[in-house]
Amino acid sequence: MESKKILLSEKDIPTAWYNVLAEMPVKPRPMLNPATHEPLTAEDLMPLFTEEASRQEFNTTDTWIEIPDEVRDMYRIWRPTPLVRARGLEKALDTKAHIYFKNESVSPVGSHKLNSAVPQAYYAKKQGVTNITTETGAGQWGAALSLAAKHFGLELAVYMVKISFNQKPYRRSIMQTYGAEVIASPSMSTKAGRKIITEHPNYQGSLGTAISEAVELAMSTPNCKYVLGSVLNHVALHQTVIGLEAEKQMEMAGEYPDIVIGCFGGGSNFSGISFPFMRHNFSGERSTRFVAAEPSSCPKLTRGVLQYDFGDEAGYTPLIPMYTLGHDFSPANIHAGGLRYHGAGAVVSQLRSDGMIDAVDIPQLETFAAATLFARAEGIIPAPESSHAIAAAIREAKRANEEGTAPVILFNLSGHGLIDMAAYDQYIAGDLANYEVTDEDVARTTDSLAKLI
Ligand SMILES: *Cc1c(COP(=O)(O)O)cnc(C)c1O
């Protein structure tokens, strides 16, 4: 009988991350200082981020970056993660396609986010930092960083998007259980928060606002650093453990993916599953298709513009060259909170613009239909975010059925949905809707961007 799960042992945890910046054909444009429009250096980031994260952000020369032993040691709690052949899903779809998923939901916090939380907390500790701060949307990143911060003896303050704070109280309890302080954003504790609350008293928050608050706290607190869970190059770097393990596991299964799929918020899990495989496209050995699956309500890669934009709403961050809907874009309150971000990381944006990456946008109801099918076929209730990748994989399998082909499809299951049952409740009750973004919506928040590209 063929294996259902393809498993590695702890000694197979990668010893180095793959740095796509060293090998991608065209490097992304530099981040810019918003006041002077001068390119930034690693030193410019160091007041805000840890020194090592800042260095990694700008490292365009080292293809492999060593994973510290302390980080690999903590990775052992849940890594390597299983690669699973989704035979149940294949059967449900009556497809000849071979569908595999990398199961990142087995981490203690239920998502891939811990892969970057651990090294970032470690680098802060190593540098002698005592406090870290961050934002969280759906709560997965905050949960991951809470655990990592506690492990390395750091104090953590998390700004949590208000709608999630109220909709997902258990994510807040998880963070508090690990010992973090959790603040609903927008809050009265920062200038950025007070400004937004004053102008829009009922505003339910967004990742952009929460980032503004966390950055402000870090810049105004001694010995405090800001830590980010997506979008930036060093976060994508840390997530490559996903794809590096998956590459070995696919080899053990005797296959190589024709299509690699990840859901897309700021790009970290998509990058993590994709970049290690993409390096074989760069070298010309392979021609795998990479598909980023985003929500129709927040379609930066499919309908945004490639332009310099702020990473946050208030305009505290550097200007990043990104596919963006504009930092003022306010996505509908869909349940995949982790995908409600206005932009895409610089590396992914460059690769998209160079034709190395495809993107699809998927309506909310299709993602929950896919999630339900997957849960019944494979047993795992997926996170609403991950369900976008599942829906994209299902589209690929159906297309293959029509075309009479049998591609090998690999997608990343970025997390489980067991703390998202309120969303499933609404789906089951028929209370969920699709949200379409009009061209006017996109124009409204992108036309005002400075045209620097
Ligand atoms: C945060 C999150 C995402 C989206 O973030 P990316 O940086 O795009 O990966 C997707 N899935 C899960 C489960 C998440 O927690």
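Just so you know, ligand 1 is whichever comes first in the structure, and atom 1 is the first atom listed for that ligand.
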Next item on the list: Answer yes or no: is there an ion pair linking Arg85 with Glu90, defined by an N-O contact shorter than 4.0 Å?
Entry: yes
Check: What residue and heavy atom of the protein are closest to atom 4 (C) of ligand 1, and at what distance?
Finding: Gly338 O, 3.5 Å
Check: Does Lys248 pair with Glu251 as a salt bridge, N-O distance under 4.0 Å?
Finding: no
Next item on the list: Identify, by atom number and element, the atoms of ligand 1 in contact range of Glu385, meaning under 4.0 Å from any of its heavy atoms.
Entry: 10 (C), 11 (N), 12 (C)
Item checked: Salt-bridge contact Glu70-Lys125 (side-chain N to carboxylate O under 4.0 Å) -> no
Notebook entry, point to check: What residue and atom, counting heavy atoms only, is the protein's closest point to atom 8 (O) of ligand 1, and at what distance?
Noted result: Gly265 N, 2.6 Å
Check: Taking atom 9 (O) of ligand 1 as the point of reference, which of Leu232, Thr136, Val235, Asn269 owns the nearest heavy atom?
Finding: Asn269
Checklist line | Interfacing atoms of ligand 1 (cut-off 4.0 Å, heavy-atom, Leu339) | finding: 4 (C)
Notebook entry, point to check: Near Gly415, which atoms of ligand 1 are under 4.0 Å from a heavy atom of that residue?
Noted result: 13 (C)
Margin query: Quick check on contacts: which atoms of ligand 1 are under 4.0 angstrom from a heavy atom of Ser230?
Written below: 6 (P), 7 (O)
Next item on the list: For the residue pair Gln120 and Lys225, confirm or rule out a side-chain donor-acceptor distance under 3.5 Å.
Entry: no
Next item on the list: Kindly identify the option in Lys113, His416, His388, Gln239 whose heavy atom sits closest to atom 2 (C) of ligand 1.
Entry: Lys113
Check: Can Glu245 and Arg79 be counted as an ion pair, charged N to O under 4.0 angstrom?
Finding: yes
Note to self: Pairs of nitrogen or oxygen atoms closer than 3.5 Å, one from Gly266 and one from ligand 1: do any exist?
What the structure shows: yes
Notebook entry, point to check: Looking at ligand 1, does His112 have a heavy atom less than 4.0 Å from it?
Noted result: yes
Item checked: Side-chain touch Glu378/Lys4, heavy atoms, less than 4.5 angstrom -> yes
Next item on the list: Would you indicate which of Ala143, Ala336, Cys263 comes nearest to atom 10 (C) of ligand 1 when only heavy atoms are counted?
Entry: Cys263
Checklist line | Residues in ring pair (Phe, Tyr, Trp, His ring centres under 6.0 Å) contact with Tyr341, at least two apart in sequence or another chain | finding: none
Item checked: Test item, Phe264 contacting ligand 1 (heavy atom, 4.0 angstrom) -> yes
Note to self: Could you tell me, atom by atom, which parts of ligand 1 come under 4.0 Å of a heavy atom of Gly267?
What the structure shows: 6 (P), 7 (O), 8 (O)
Margin query: Just so I know, are the side chains of Met46 and Gln127 near enough to count as touching, which here means a heavy-atom distance under 4.5 Å?
Written below: no
Item checked: For atom 13 (C) of ligand 1, closest protein heavy-atom neighbour -> Ser414 OG, 3.3 Å
Next item on the list: State which residues pass ring pair (Phe, Tyr, Trp, His ring centres under 6.0 Å) with Phe277; sequence neighbours excluded, sorted by chain then number.
Entry: Tyr256
